[in-house]
Amino acid sequence: MSIVFYLLAALTLVGGLASVTLKNTVHCALALTVAFAGLALLFLTLDAQFAGFAQILVYVGAVAILVVFAILLTRGHEIPIDGVFSRTWIVGLVIAAGVFAVLGWAVLASVHALPNELAVPVVTVHDIGNALVGHYVLPLEIVALLLTAATIGAVMVALHEKEGAKQ
Amino acid sequence: MTPLASYLLVAALLFSIGLAGALTRRNAILVLIGIELMLNAANLNLIAFWRYGPNPEALTGMMFAIFSIAVAAAEAAVGLGLVIAIYRSAHTTDLEQINRMKG
């Protein structure tokens with residue numbers, strides 16, 4: 001594996017770790033953005049240019065901004081006095097460590113070299129567009145419907161409730 | 001170690017970090033951040049399998065990852081909208097204080 005992979009993997013993992021451990025939630029959102037950008041660069045090293053740039057547009061561009069908005073709207077940037085971790089944090093940590101042990105064991109025990117380790121796939125954005133409106137047109141339409149419904153749903157849920165609607 | 005195994009290990013580690021965050025943090029927004037990290041780790045797996053799999057021209061793994069990104073964006077929008085709605089009625093995002101479903 002090249003040095004680039006190790007650098008990007010370290011960047012992604014440090015960003016991810018920081019985004020769940022830092023005390024200040026605004027710093028968490030910043031670290032989350034670093035992790036998303038690192039993942040997009042990892043996609044690029046895997047010759048998946050379209051997915052990499054979609055990752056940057058959707059996650060670094062939109063989801064990170066949404067998270068910052070939510071943090072500031074809910075005054076989440078004020079650090080609570082009684083700690084940022086739940087009372088049962090040790091259980092969560094044990095479960096996560098167990099899951100990682102199982103996944104790591106499965107990866108190390110089962111992966112053999114696949115036939116395509118060296119050949120670089122030649123896939124252009126043109127091919128992806130053709131596949132999206134050809135073979136995958138039904139999922140594309142369903143995702144469009146889902147995004148519309150999610151937008152309307154998010155607005156409805158977060159709308160101010162009218163006076164008198166209570167009680 | 002093969003390249004595929006290294007990518008899968010990174011994804012497994014990222015998934016576990018996200019799971020640990022979702023299970024240990026008190027702030028609802030941080031729990032959502034953990035879930036986003038887990039979804040991203042799954043996307044990395046899909047792309048890695050697409051790249052090193054036997055038939056990358058079929059674009060199956062790539063398409064799965066792209067649709068997964070779209071669905072995760074919808075999930076983030078609805079999740080954060082829910083957090084804001086809960087904050088408006090409960091005046092906190094601390095999950096240990098949100099212990100009733102009545103508004």
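Chain identifiers are assigned alphabetically (A, B, ...) following the order of the sequence lines, protein sequences preceding nucleic acid strands; residue numbering begins at 1 within each chain. A quick note: this is a predicted structure, and the numbers were derived from the prediction, not measured.
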Exercise. Please step through side-chain contact (heavy atoms from CB on, under 4.5 Å) for the pair F43(A) and L44(B), ending with a clear verdict.
Key: CA-CA 7 Å; F43(A) 287 178; L44(B) 183 57; 3.6 Å; yes
task = List the steps and the verdict of ring-ring contact (aromatic ring centres under 6.0 Å, His included) for F5(A) and Y7(B).
result = CA-CA 9 Å; F5(A) 168 77; Y7(B) 279 102; 4.6 Å; yes
Inset, instruction - Apply side-chain contact (heavy atoms from CB on, under 4.5 Å) to I17(B) and L13(A), showing your working. - result: CA-CA 8 Å; I17(B) 290 172; L13(A) 292 175; 4.2 Å; yes
side-chain contact (heavy atoms from CB on, under 4.5 Å) between L46(A) and Y52(B): does it pass, once the steps are laid out?
CA-CA 9 Å; L46(A) 282 168; Y52(B) 296 115; 3.6 Å; yes
Set out, in order, the CA-CA distance, both residues' side-chain angles and the distance that settles side-chain contact (heavy atoms from CB on, under 4.5 Å) for L103(A) and L13(B), then state yes or no. CA-CA 9 Å; L103(A) 287 177; L13(B) 204 49; over 6 Å; no
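Contact of V157(A) with chain B is made through backbone and side chain together, with heavy-atom distances under 4.5 Å. Contacts of L132(A) with chain B are made by both backbone and side-chain atoms, with heavy-atom separations under 4.5 Å. Interface residue A58(B): only backbone heavy atoms are found under 4.5 Å from chain A. Using a 4.5 Å cut-off between heavy atoms, I128(A) contacts chain B through both its backbone and its side chain.
The backbone N or O of S86(A) lies less than 3.5 Å from no partner atom in the side chain of E96(B), so there is not a single donor-acceptor pair.
C28(A) places a side-chain heavy atom less than 4.5 Å from the side chain of L30(B). Looking at E36(B) and V67(A), their side chains never come closer than 4.5 Å, going by heavy atoms from C-beta outward. The side-chain heavy atoms of L14(B) and L39(A), taken from C-beta on, include a pair separated by under 4.5 Å.
The nearest pair of heavy atoms linking L19(B) to A96(A) is CD2-CA, 4.0 Å.
In this structure, a donor-acceptor pair under 3.5 Å is absent between the side chains of N43(B) and Q55(A).
Remark: R25(B) is positioned above the aromatic ring of F85(A), its terminal NZ or CZ atom under 6.0 angstrom from the ring centre and at most 45 degrees off the axis.
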